[in-house]
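Because only heavy atoms are used, hydrogens play no part in the values below, and waters and symmetry mates are left out as well, while side chains stay in.
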Amino acid sequence: MADEQQGSGLSFRLGGIPVHMPWSSLLGILLISYFWIDFFRFDPADQTKAYLLTGVFAVLFYVTILGHELAHAVSARLSGFPVSGITLWWLGGFTSFRRTVPSPLRDGLIAAAGPLTSLAIGLGCAAVATATYSGSVEVYVLAYALAWSNVFLAVYNALPGLPLDGGNVLRAIVWGITRDERRATVVAAWGGRIVAILVVTLPFWSALRRGEAPDLLSVVFSVAIGFFLWQGASQALRSAAITSRVPRLSARALARPAVVVAADTPLAEALRQAEAASATALVVVDSAGRPTAIANGAAIDAVPVERRPWVPVSSVSTAFDPRAAVSAELVGNDLLQALLAVPSESYLVVEPSGQQVAVLASADVEHALSHD
């Protein structure tokens with residue numbers, strides 16, 4: 001494992017998996033230290049020891065969070081999914097991987113691996129605490145704190161709501177039963193919103209039970225976690241909505257009718273031809289009729305009307321990548337995958353006959369995905 005500084009934070013590789021810790025993760029270490037400092041004040045005569053042990057505990061707890069995320073990463077690799085990396089931040093961590101095949105079983109196993117690993121770490125630390133009960137008090141309290149915190153982490157992450165691991169497990173179960181991934185995502189996302197509300201109310205409920213006013217920092221921390229959960233659940237709902245619209249995508253239906261013009265055609269003439277043909281796009285071709293560029297709408301709008309007779313259409317066009325051509329017959333996920341394979345602002349839509357008289361704009365696809 002080789003450490004290296006990249007960007008804003010610490011980056012390194014572990015087992016070939018990129019790991020990144022932004023500097024904001026230091027805030028997490030400070031918060032953990034704040035909440036646990038009283039637990040380590042078992043020796044009133046040596047307050048320095050309390051701060052030292054709290055710092056050691058906070059760092060070790062982040063190491064166990066890394067173990068939690070590594071379990072996700074390894075499970076994803078074993079499932080045949082490429083892993084992009086692990087990020088540890090002040091509210092925990094997340095593992096990025098690309099799902100190559102839809103599989104509720106694999107998704108569920110990958111999600112469950114994290115909480116199960118945290119539970120195993122917690123039980124292991126509990127065993128160490130038990131073994132050192134009559135020995136070093138420092139080792140005992142560290143092991144006990146790590147045991148309790150990892151069991152709590154396992155239980156918290158197992159709660160049935162997105163974006164938590166338990167939410168992903170719930171989603172996999174509902175998906176497996178209903179065979180409907182979108183419906184499963186909606187169910188798990190609403191579970192996440194319910195969990196978010198419960199997290200925000202927790203410090204108030206706890207204070208009410210004790211007959212005291214809620215601690216301000218606990219309230220702020222709970223609200224931050226609740227906000228994170230609510231945002232994650234809301235993002236899952238938006239993703240589910242987008243997923244439901246993917247099957248309705250059609251290259252032919254979304255394409256803009258286009259006219260073909262030579263590179264030196266005056267912009268005013270090109271626009272006249274487009275208007276006469278009821279077209280809304282311009283495709284620039286060379287002397288052999290091969291597409292070389294597609295006119296850019298924003299660039300056209302920037303040219304004053306009085307100058308358009310003197311401006312060649314090529315000067316307001318973007319070079320065409322020959323790979324950015326899609327079949328007019330592509331629909332749904334097949335169309336989406338074809339566009340993702342060659343990122344571009346515009347694509348040439350080709351009919352089965354080879355005719356090239358339409359342009360597909362990425363903006364139109366994005367609009368179709370985000371609006372009913």
What is the distance from atom [atom1] of [X] to atom [atom2] of [Y], rounded to the nearest 0.5 Å?
| X | Y | atom1 | atom2 | result |
| --- | --- | --- | --- | --- |
| Asn296 | Ser346 | CG | OG | 7.5 Å |
| Leu271 | Thr265 | CG | OG1 | 11.0 Å |
| Leu249 | Leu254 | CG | CG | 6.0 Å |
| Ile294 | Ser317 | CD1 | OG | 9.0 Å |
| Ile65 | Ile32 | CD1 | CD1 | 5.5 Å |
| Leu142 | Phe40 | CG | CZ | 5.0 Å |

Side chains of [X] and [Y]: do they bring a donor and an acceptor to under 3.5 Å?
| X | Y | result |
| --- | --- | --- |
| Glu269 | Gln273 | yes |
| Ser136 | Glu138 | yes |
| Arg238 | Ser234 | no |

Taking the side chain as every heavy atom from C-beta outward, state whether [X] and [Y] have any pair of such atoms under 4.5 Å apart.
| X | Y | result |
| --- | --- | --- |
| Leu217 | Phe35 | yes |
| Leu336 | Leu369 | yes |
| Gln235 | Trp230 | no |
| Leu53 | Phe42 | yes |
| Leu282 | Val359 | no |
| Leu229 | Pro163 | yes |
| Tyr347 | Val365 | no |
| Asn157 | Leu164 | yes |

Return yes if some donor-acceptor pair links the side-chain N/O of [X] with the main-chain N/O of [Y] below 3.5 Å, else return no.
| X | Y | answer |
| --- | --- | --- |
| Ser149 | Ala145 | yes |
| Arg252 | Glu351 | no |
| Ser222 | Val219 | no |
| Thr292 | Val284 | yes |
| Arg308 | Val303 | yes |
| Thr54 | Ser33 | no |

Side-chain heavy atoms under 4.5 angstrom apart, residues restricted to Ile, Leu, Val, Met, Phe, Trp, Tyr: same cluster for [X] and [Y]?
| X | Y | result |
| --- | --- | --- |
| Val223 | Leu31 | no |
| Leu119 | Phe61 | no |
| Phe221 | Val199 | yes |
| Met21 | Trp90 | yes |
| Phe12 | Val63 | no |

What are the two closest non-hydrogen atoms of [X] and [Y], and how far apart are they?
| X | Y | value |
| --- | --- | --- |
| Ala255 | Leu360 | N-CD1, 4.2 Å |
| Val311 | Ser315 | CG1-OG, 3.0 Å |
| Ser118 | His68 | OG-ND1, 2.7 Å |
| Pro266 | Pro309 | CB-O, 3.4 Å |
| Leu88 | Leu66 | CD1-CB, 4.1 Å |
| Val151 | Gly122 | CG2-CA, 4.2 Å |

Self-check item: Verdict with supporting geometry, Val349 and Val326, side-chain contact (heavy atoms from CB on, under 4.5 Å)
Solution: CA-CA 5 Å; Val349 178; Val326 297; 4.2 Å; yes
Practice problem: Please identify each residue that fulfils side-chain contact (heavy atoms from CB on, under 4.5 Å) with Ile110, with sequence neighbours left out. | Solution: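 Testing Ile110 for side-chain contact (heavy atoms from CB on, under 4.5 Å), a comparison that skips the adjacent residues, returns His72, Ser75, Ala76, Ser79, Phe81, Phe97.
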Self-check item: Partner set under side-chain contact (heavy atoms from CB on, under 4.5 Å) for Pro22, not counting sequence neighbours
Solution: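 Counting only residues at least two positions away or on another chain, Pro22 forms a side-chain contact (heavy atoms from CB on, under 4.5 Å) with His20, Ser24, Thr87, Trp89.
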Quiz item: Which pairs, with at least one residue in residues 182-197 and sequence neighbours excluded, count as a salt bridge (charged side-chain N to carboxylate O under 4.0 Å, His left out)?
Solution: Asp180-Arg183
Quiz item: Which class fits the ring pair Tyr140 and Tyr133: parallel under 30°, tilted 30 to 60°, perpendicular over 60°?
Solution: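 Ring orientation of Tyr140 relative to Tyr133: perpendicular.
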Practice problem: Please work out whether the ring planes of Phe39 and Trp36 are parallel, tilted or perpendicular, with thresholds of 30° and 60°. | Solution: perpendicular
Practice problem: Please test Trp148 against Tyr144 for ring-ring contact (aromatic ring centres under 6.0 Å, His included), starting from the C-alpha separation and ending with a verdict. | Solution: CA-CA 6 Å; Trp148 192 94; Tyr144 182 86; 8.4 Å; no
Exercise. Any chance you could pull the hydrophobic cluster mates of Val169, using side-chain heavy atoms under 4.5 angstrom and chaining through other members?
Key: Ile173, Ile177
Quiz prompt | Members sharing Leu237's hydrophobic cluster (side chains within less than 4.5 Å) | solution = Val186, Trp190
[X] [atom1]: over 12 foreign heavy atoms closer than 6.0 Å:
| X | atom1 | result |
| --- | --- | --- |
| Glu345 | CD | no |
| Arg210 | CZ | yes |
| Phe227 | CZ | no |

Quiz prompt | Pair Arg171 + Glu181, salt bridge at N-O below 4.0 Å | solution =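 Looking at Arg171 and Glu181, the cut-off is met.
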Self-check item: Glu275 with Arg272: basic N within carboxylate O range, under 4.0 Å
Solution: no
Quiz item: Just one of Leu153, Asn150, Leu146 clears the side-chain contact (heavy atoms from CB on, under 4.5 Å) bar with Ile121, so which one?
Solution: Asn150
Exercise. Check side chain to side chain donor-acceptor pair (under 3.5 Å) between Asp364 and all other residues, then give those that pass, not counting sequence neighbours.
Key: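 Counting only residues at least two positions away or on another chain, Asp364 forms a side chain to side chain donor-acceptor pair (under 3.5 Å) with Arg256.
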